[in-house]
Amino acid sequence: MKSYKLGVIGNPIEHSLSPKIHSIFAKQTNIQIDYQAYKVDGSDLELFIEDFFKSGGDGLNVTVPHKINCLNVADEYSTDVKAIGAANTLSFNKSTNKIYAHTTDGAGFVADAIKKDISIFDANILILGAGGAAQSIIPMIHAKHPASIVLDNRTQEKIQTVLDRFSLVKSDEPSTRAQLTDLKNFSKHRSLTDNINLVINTTSAGFDGPFSWNEDIFTTKDTIFYDLSYNKIDSSTPFLSWASQYSDQCHNGIGMLINQAALSFELWTGIKPDINIDENEIFNE
């Protein structure tokens, strides 16, 4: 039986549930895998990836903060990776000795939003953060025709970089093209009834202390909060603990994680696993 050498790289990585999820997928599909979590510093990133694949590695998931810089090692990019400038999945072709970069984040997020009845169409969606995680979900959100996609980040310069990258995103139906803007412009031009319907946190802010955000983000009691991150200890995160004072509609990123992991697993093995996993099964050691 073929065995796959797989893993996930990030920093921090101790909280990762990816090894457990892929272990469940392997049991479902009767495939043997060795999937480990690796804490990798930015200065060691390129060498680690190269050594991993040279030593027989088949695939890696990539999480914060390496989703952009991992592209420096890849030989080929998928179309979606070229569009967003970030990847969350690397695969290795042992025939060509090439590393391929893919992204499954956007599709994973949209699939989980549909499952949770989170409406994207005609919604004002605020994304906190402007790094690789934020960029990875923008095209798939845009394809679902929200009213606007609003960005905010603690470092304002990074927002402009993302706005410039996606200014060329085209729609076959110009009338349904979402406005892509920053929070300052949204605030300046919004009407009194124009509020944020969905807030998506893509930052790691708060994992070293309580989460806070200094800007007014124009939410209501009906606003939905979604954190791409998750907490291995409980279902809440620092962001969701903060968000709970504004809304009782708060979701962590485990559903997205399961969906994007299934797409990665299929890329590596050619087999699509069942995504209907009980979260208790993930958290049980």
Side-chain angles (χ1 to χ4, degrees), residues 6-19 21-22 35 37-50 52-53 57 59-92 99-110 112 127-142 149 151 153-155 157-159 161-166 169 200-205 207 226-230 237 239 253-254 256-265 267-268:
L6 307 169
V8 56
I9 55 175
N11 188 5
I13 200 65
E14 293 80 7
H15 70 292
S16 179
L17 294 173
S18 292
I21 292 172
H22 283 278
Y35 189 109
Y38 301 98
K39 183 177 181 179
V40 180
D41 291 332
S43 58
D44 300 325
L45 179 64
E46 295 185 23
L47 183 60
F48 178 90
I49 294 172
E50 290 171 351
F52 180 85
F53 288 122
L60 284 170
N61 285 131
V62 184
T63 189
V64 175
H66 301 318
K67 294 189 177 190
I68 294 175
N69 289 338
C70 72
L71 298 184
N72 296 333
V73 190
D75 300 296
E76 300 284 348
Y77 303 162
S78 71
T79 300
D80 288 340
V81 168
K82 289 178 182 178
I84 68 177
N88 79 320
T89 305
L90 300 176
S91 62
F92 186 67
I99 300 171
Y100 294 82
H102 318 266
T103 179
T104 64
D105 278 335
F109 170 77
V110 169
D112 193 46
I127 299 176
L128 302 181
Q135 295 179 48
S136 69
I137 62 175
I138 288 175
M140 290 297 292
I141 291 175
H142 179 271
I149 301 173
L151 303 181
N153 190 65
R154 297 187 191 280
T155 306
E157 295 78 24
K158 288 186 177 180
I159 297 176
T161 299
V162 178
L163 293 177
D164 291 343
R165 171 177 288 279
F166 291 106
V169 172
I200 305 170
N201 177 46
T202 72
T203 76
S204 58
F207 277 97
Y226 191 108
D227 196 345
L228 296 197
S229 298
Y230 53 88
T237 64
F239 169 75
I254 292 177
M256 173 183 168
L257 178 68
I258 293 170
N259 280 278
Q260 65 84 15
L263 292 168
S264 295
F265 189 89
L267 275 169
W268 297 324

Check the pair T89 / V62 against side chain to side chain contact (heavy atoms under 4.5 Å, CB included), numbers first and verdict last. CA-CA 6 Å; T89 305; V62 184; over 6 Å; no

Mind running side chain to side chain contact (heavy atoms under 4.5 Å, CB included) on N153 and L128 for me, showing each step along the way? CA-CA 6 Å; N153 190 65; L128 302 181; over 6 Å; no

Check the pair N72, L45 against side chain to side chain contact (heavy atoms under 4.5 Å, CB included), reporting the backbone distance first and the verdict last. CA-CA 10 Å; N72 296 333; L45 179 64; over 6 Å; no

Step-by-step side chain to side chain contact (heavy atoms under 4.5 Å, CB included) determination, L90 to I49: CA-CA 9 Å; L90 300 176; I49 294 172; 3.9 Å; yes

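Checking side-chain atoms of T104 against main-chain N and O of Q260 turns up a donor-acceptor pair under 3.5 Å. The closest donor-acceptor contact from the side chain of D75 to the backbone of I99 lies under 3.5 Å. In this structure, the side chain of S136 engages the main chain of A133 through a donor-acceptor pair within 3.5 Å. For Y35 (side chain) and I21 (main-chain N/O), no donor-acceptor pair under 3.5 Å exists by modelled atom type.
Taken from OG in S264 to CG in L257, the straight-line distance is 9.5 Å, to the nearest 0.5 Å. With rounding to the nearest 0.5 Å, the separation of CG in N61 from NE2 in H66 is 13.0 Å. Here CZ of F239 is found 9.5 Å from OG1 of T202. Values are rounded to the nearest 0.5 Å. Atom CZ of residue F166 and atom NE2 of residue H142 lie 10.0 Å apart, to the nearest 0.5 angstrom.
F265 places a side-chain heavy atom less than 4.5 Å from the side chain of H22. Proximity of K158 to L151: side-chain heavy atoms (C-beta onward) are nowhere separated by under 4.5 Å. For the pair Y38/S16, no side-chain contact is recorded, criterion being any heavy-atom separation below 4.5 Å from C-beta on. Inter-residue side-chain proximity for D105 and K67 is flagged as met; some heavy-atom pair is nearer than 4.5 Å. Side-chain contact between Y230 and M256 is absent, with no heavy-atom pair separated by less than 4.5 Å. Counting heavy atoms from C-beta on, the side chains of L60 and L6 never come closer than 4.5 Å. Side-chain atoms of T63 and N88, non-hydrogen and from C-beta on, never get closer than 4.5 Å to each other.
In summary, the side chains of N201 and T203 do present a donor paired with an acceptor at a separation below 3.5 Å, with no hydrogens or angles considered. Between the side chains of D227 and T237, at least one donor N or O sits under 3.5 Å from an acceptor N or O. A donor-acceptor contact closer than 3.5 angstrom links the side chains of N11 and D41.
Minimum heavy-atom separation, I13 to A37: CG1-CB, 3.9 Å. Residues A107 and L263 come closest through the heavy atom pair CB-CD1, 3.7 Å. K82 approaches R165 most closely through the heavy-atom pair O-NH1, 3.7 Å. Annotation for I127 and A134: closest pair CG2-CB, 3.8 Å, computed over non-hydrogen atoms. Heavy atoms only, all atoms of each residue included: L228 and I200 are closest at CD2-CG2, 3.8 Å. Of all heavy-atom pairs spanning P139 and I84, the tightest one is CG-CG2, 3.2 Å.
Ring centroids of H102 and W268 are separated by 6.0 Å or more, keeping the two rings apart. Taking the six-membered ring for Trp and the full ring otherwise, Y77 and Y100 have centroids separated by 6.0 Å or more.
Using the six-membered ring where Trp is involved, F53 and F92 have ring planes that are parallel, under 30° apart on the 30 and 60° scheme.
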